[in-house]
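What follows is a set of notes on a single structure, which appears directly below.
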Amino acid sequence: MTTPICDFVNEYIKKNGVRAHMPGHKGKKLLGFEEYDITEISGADSLYAADGIIAESEKNASAIFGCDTFYSAEGSSLCIRAIIFLVLQYAMQFGKEKLIFASRNAHKVLLSALSLTDMDVEWLPPDESYLSCCPDPEMLDKMLSEAKRKPCAIYITSPDYLGRISDVSKISKVCKKHEVLLCVDNAHGAYLKFLPESLHPSDLGADICCDSAHKTLPVLTGGAYLHISGKNKDFFSKNAKDALALFGSTSPSYLILQSLDAANSYINDGYSKMLSAFCDEITNLKTELVKNGFLLYGNEPLKICICAKSYGYKGYELSKLLSEKNIECEFSDPDYLVLMLTPENETEALCTIKNALLSIKKLSEIEEKPPKSICPEKAMSIREAMFSKYETVSVCDAPGRILADANVSCPPAVPIVICGEIIDKNTLEAFEYYNVKYCKVVKK
């Protein structure tokens, strides 16, 4: 498969000409990769008006994924904002409600997208953890049948941070029955396309989805895809570049674009076979961990999520023990430890992880339970809350106040409470459990 962006940059380097253009390093090495870092010079194409090498590379990616695929050099965050704007355009163009139903475990960037577009949202009932929400298709069917305002789209996060994959196929059938769009934040699941049987949302009926290529494929941080399929594909594909440009930088990283370009060739050259073999190794590792007393969560092939308390530890305690053995995990909290793996880890890494985990002595189960998932009363819209005057207060002084900003870090970047909701007793318990000391509230 061709790599037009990489080829162009390599030829440009060989010319060794005068770089009378941005960026300021002029190709001189400080970190070592500067000569590859160019801007939208003649022949380099333009990301948001692509008709040259970027368009050719995106065409290659589209062939690989089997749908219309567009690049982002600013991660799935940019794609999510573009998705919500496209859904808004769709609603206005075709006379639909400016309303979506969304799972509460959405990445915080969804809140900024909703606030910027002023879209309404109703939250789907949460599961046992604020990080995990796999909507039940029958429950969703009932909600849509009884809804006083029918949403124009359903928005879900799958896989979620704890490695749970929703039944996208069944959810898609419900959406089609009620003539609403299905949008999927598939940031953690770009690789799902390349399993022996694809689990990628675009193949299971999603209309729009995004992948963070950098999370599970050999792509530089910030590389992502916006995928469009379904019966409204022409409308969304025609407007996709404008939607991305509305929120994206006018200086996209050509290092990231080259990484996405090179990944096409890499994926096309036997990646599926390598992925399948590695998934089998992870399955064997999971089986070994369970045999030795570990309780696992989720069903995502490349993610290992350990329920730490059943083994006698907090998640962050297990993370610290692994860090001492030179193993850095993706995420930990009081309940879970999450390891994200790819074929680039190779067999040796899996052996290191197994030996490290099995060397940890099992203790008595910690019976402390996390707070129940909450859905506080809504006092104002996300947009109203985020654009209000605010003040920062101790969580002890927050009950009764309206949350102005979901100040959560990444990982996991999933809000415990949504902007515009009233902080109540249950919220306070959740804040204390997850060690949130301060929050921004709407100023009285």
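- How far NZ of Lys108 is from CD1 of Ile416: 12.5 Å, rounded to the nearest 0.5 Å.
- Annotation: the span from Lys320 atom NZ to Cys329 atom SG amounts to 14.0 Å, rounded to 0.5 Å.
- Residues Lys176 and Ser172 bring a donor and an acceptor atom of their side chains to less than 3.5 Å of each other.
- Between the side chains of Asp185 and Ser76, no donor-acceptor pair is found at a separation under 3.5 Å.
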Where do Asn284 and Thr287 land on the side-chain hydrogen bond (donor to acceptor under 3.5 Å, both in side chains) test, with the steps shown first?
CA-CA 5 Å; Asn284 292 336; Thr287 300; 5.3 Å; no
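- Under the 4.5 Å side-chain criterion, counting only non-hydrogen atoms from C-beta, Ile156 is not in contact with Pro201.
- Atom NZ of Lys150 has more than 12 neighbouring heavy atoms from other residues, nucleotides or ligands inside a 6.0 Å radius.
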Evaluation steps, side-chain contact (heavy atoms from CB on, under 4.5 Å), between Ser57 and Thr3:
CA-CA 7 Å; Ser57 184; Thr3 52; over 6 Å; no
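- Under the side-chain contact (heavy atoms from CB on, under 4.5 Å) test applied with Ile154, the options Leu181, Ile100, Leu144 reduce to a single match, Leu144.
- Between Tyr297 and Tyr336, the ring planes lie tilted relative to each other; the angle falls in the 30° to 60° range.
- Checked by atom type and distance alone, the side chain of Ser166 never pairs as donor or acceptor with a backbone atom of Val168 at under 3.5 Å.
- Phe33 CZ: more than 12 foreign heavy atoms inside a 6.0 Å radius.
- More than 12 non-hydrogen atoms from other residues, nucleotides or ligands lie less than 6.0 angstrom from NZ of Lys314.
- By the neighbour-count criterion of 12 heavy atoms within 6.0 Å, atom CE of Met22 is sparsely surrounded, having that number or fewer from other residues, nucleotides or ligands.
- Counting only heavy atoms from C-beta outward, the side chains of Asp127 and Cys134 approach each other to under 4.5 Å.
- Within the model, atoms CZ of Phe247 and CD1 of Ile84 stand 9.5 Å from one another, a figure rounded to the nearest 0.5 Å.
- Expressed to the nearest 0.5 Å, how far CG of Asp405 lies from CD1 of Ile382 amounts to 11.5 Å.
- Taken to the nearest 0.5 Å, the CG atom of Leu88 stands 8.5 Å off from the CG atom of Asp118.
- Checked by atom type and distance alone, the side chain of Gln89 never pairs as donor or acceptor with a backbone atom of Asn239 at under 3.5 Å.
- Counting heavy atoms from C-beta on, the side chains of His188 and Tyr161 come closer than 4.5 Å.
- In this pair, Phe235 and Phe94 present their aromatic rings perpendicular. The plane angle is above 60°, beyond the 30 to 60° band.
- Between the side chain of Ser394 and the backbone N or O of Cys396 there is at least one donor-acceptor pair closer than 3.5 Å.
- Atom OH of Tyr90 sits in a crowded spot, with more than 12 heavy atoms from other residues, nucleotides or ligands closer than 6.0 Å.
- Under the 3.5 Å distance criterion, the side-chain polar atoms of His107 are matched with a main-chain donor or acceptor of Val109.
- For the pair Leu124/Met143, a side-chain contact is recorded, criterion being any heavy-atom separation below 4.5 Å from C-beta on.
- Salt-bridge check for Lys193 with Asp211: failed, with every basic side-chain N at 4.0 Å or more from each acidic carboxylate O.
- Shown are Asp160, Leu110, Asn105; of these, the side-chain contact (heavy atoms from CB on, under 4.5 Å) with Val414 is made only by Asn105.
- Within a 6.0 Å radius of NZ in Lys378, other residues, nucleotides and ligands contribute more than 12 heavy atoms.
- By the 30° and 60° cut-offs, the orientation of the rings of Tyr271 relative to Tyr266 is tilted.
- Screening residues 298-312 for salt bridge (Lys or Arg N to Asp or Glu O under 4.0 Å) gives Glu300-Lys303, Lys309-Asp335, Lys309-Glu368 as the qualifying pairs, with residues at least two apart or on separate chains.
- Of the possible polar contacts, none joining the Asn426 side chain to the Lys372 backbone as a donor-acceptor pair under 3.5 Å is found.
- Within a 6.0 Å sphere centred on CG of Asn268, heavy atoms belonging to other residues, nucleotides or ligands number more than 12.
- By the 4.5 Å heavy-atom criterion applied to side chains, Trp123 and Glu421 are counted as neighbours.
- Checked by atom type and distance alone, the side chain of Ser132 never pairs as donor or acceptor with a backbone atom of Ser129 at under 3.5 Å.
- For the pair Asn345 (side chain) and Thr342 (backbone), a donor-acceptor distance under 3.5 Å is present.
- A 4.5 Å side-chain heavy-atom check between Pro4 and Asp261 finds at least one atom pair inside the cut-off.
- The number of heavy atoms from other shown groups lying within 6.0 Å of CE (Met1) is above 12.
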Applying side-chain contact (heavy atoms from CB on, under 4.5 Å), run through Ile228 and Lys233 and close with a yes or a no.
CA-CA 6 Å; Ile228 294 173; Lys233 183 170 74 170; 3.8 Å; yes
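- Checking each of Phe8, Phe70, Tyr254 against Ile54 for a side-chain contact (heavy atoms from CB on, under 4.5 Å) leaves exactly one that passes, namely Tyr254.
- Put simply, CZ on Phe194 and CG on Leu275 are 9.0 Å apart, with the number rounded to the nearest 0.5 Å.
- For the pair Asn264 (side chain) and Ile64 (backbone), a donor-acceptor distance under 3.5 Å is absent.
- Judged by distance alone, the side chain of Arg401 and the main-chain N or O of Val442 form a donor-acceptor pair under 3.5 Å.
- Judged by distance alone, the side chain of Asn299 and the main-chain N or O of Ile165 form a donor-acceptor pair under 3.5 Å.
- The aromatic rings of His227 and Phe65 sit tilted relative to each other, their planes meeting at an angle between 30° and 60°.
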Let's go through Leu47 and Lys241 carefully: what are the C-alpha distance in whole Å and the side-chain angles of both, what is the deciding distance for side-chain contact (heavy atoms from CB on, under 4.5 Å) to 0.1 Å, and is it a yes or a no?
CA-CA 8 Å; Leu47 179 57; Lys241 286 289 185 179; 3.9 Å; yes
